[in-house]
Amino acid sequence: MSDEQQRFVPDGFEVPTTLLGDGFRLEPLGAEHNERDLAAWSGSIGHIRATPGFGRNWPPLEGMSAEANLADLVRHAQDFAERRGFTYSVLEGETEVIGCLYVYPGKEQPERVQVSSWVRADRAHLDVPLYEAVSRWLREVWPFDAGRIDYAPR
């Protein structure tokens, strides 16, 4: 496999840094989201685990310290900077974290695109609009063949 085939996105592809949706917007997840991200998912563990595309191992039932969550956010930001995977905060207004979107190569099949998203339980009504907007965005803006995208339907 050539280096170009192994890359998740081509070198010339300008990775989008935002998506505006009806009632939300996306921006790259970073350390600045730590407190709001931790509050968003830790208050919605059952809801997130019931969201299509998530399983029984995340989020952790016992929660996570702010330091551990920060390390996770830093890892995701590093992946973004190195174009290995792309994680976005789902925001309402300017700063309120209401969810998250992950776009990564498949674990067992790296040529596939594994996409998952969640919203807080109190914003559950945005799950379908987020799924629909992201699905369109991935087809229309990203360099992925639609047949390679795995994103659990809503």
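Keep in mind it's a predicted model, so treat the numbers as computed, not measured. One is the number of the first residue; the rest follow in order along the sequence. What you see below is based on every heavy atom in this structure, not just the backbone, and it leaves out hydrogens, waters and symmetry mates.
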Quick check: closest heavy atoms across [X] and [Y], and the distance to 0.1 Å?
| X | Y | answer |
| --- | --- | --- |
| Leu29 | Ser89 | CD1-OG, 3.1 Å |
| Pro143 | Pro10 | CG-CD, 3.6 Å |
| Leu70 | Ala31 | CD1-CB, 3.6 Å |
| Ser116 | Gly53 | CB-O, 4.4 Å |
| Ala121 | Ser44 | N-OG, 2.8 Å |
| His47 | Thr51 | O-OG1, 2.9 Å |

Going by the rule salt bridge (Lys or Arg N to Asp or Glu O under 4.0 Å), which residues pair with [X] if we only count those two or more places apart in sequence or in a different chain?
| X | result |
| --- | --- |
| Glu82 | Arg84 |
| Glu35 | none |
| Arg154 | Asp127 |

**Aromatic ring proximity, centroids under 6.0 angstrom, Phe8 and Tyr104** =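 No, ring centres 6.0 Å or more apart.
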
**Request:** Mind running salt bridge (charged side-chain N to carboxylate O under 4.0 Å, His left out) on Arg120 and Glu96 for me, showing each step along the way?
**Result:** CA-CA 11 Å; Arg120 292 184 337 209; Glu96 188 170 1; 3.0 Å; yes

Would you kindly confirm whether [X] and [Y] end up in one hydrophobic cluster when ILVMFWY residues are joined by side chain heavy atoms under 4.5 Å apart?
| X | Y | answer |
| --- | --- | --- |
| Val128 | Ile149 | no |
| Val119 | Leu19 | yes |
| Val134 | Phe13 | yes |
| Trp118 | Leu91 | no |
| Tyr88 | Val141 | yes |

**Message:** Can you classify the ring geometry of His76 versus Tyr102 as parallel (below 30°), tilted (30 to 60°) or perpendicular (above 60°)?
**Reply:**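 His76 vs Tyr102 ring planes: tilted.
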
Find the distance between [atom1] ([X]) and [atom2] ([Y]) and round it off to the nearest 0.5 Å.
| X | Y | atom1 | atom2 | result |
| --- | --- | --- | --- | --- |
| Leu73 | Asn34 | CG | CG | 5.5 Å |
| Leu130 | Ile98 | CG | CD1 | 8.0 Å |
| Arg123 | Phe24 | CZ | CZ | 13.5 Å |

**Asked** Less than 4.5 Å apart, any side-chain heavy atom of Asn69 and any of Asp37?
**Response**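 The answer is yes; the side chains approach within 4.5 Å.
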
**Item:** Test item: Leu101 and Trp137 side chains (from C-beta on) under 4.5 Å apart, heavy atoms
**Value:**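 Yes, close enough: below the 4.5 Å cut-off.
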
**Asked** What pairs meet the side chain to side chain donor-acceptor pair (under 3.5 Å) rule with one or both residues in residues 14-26, with sequence neighbours excluded?
**Response**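 The answer is Arg25-Glu27.
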
**Request:** Quick one: which residue pairs count as a side chain to side chain donor-acceptor pair (under 3.5 Å) with a foot in residues 138-152, not counting sequence neighbours?
**Result:**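 Qualifying pairs: Arg112-Asp150, Ser117-Tyr151.
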
**Asked** Who pairs with His33 by ring-ring contact (aromatic ring centres under 6.0 Å, His included), at least two apart in sequence or on another chain?
**Response**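 In terms of ring-ring contact (aromatic ring centres under 6.0 Å, His included), with neighbours along the sequence ignored, His33 is linked to no residue.
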
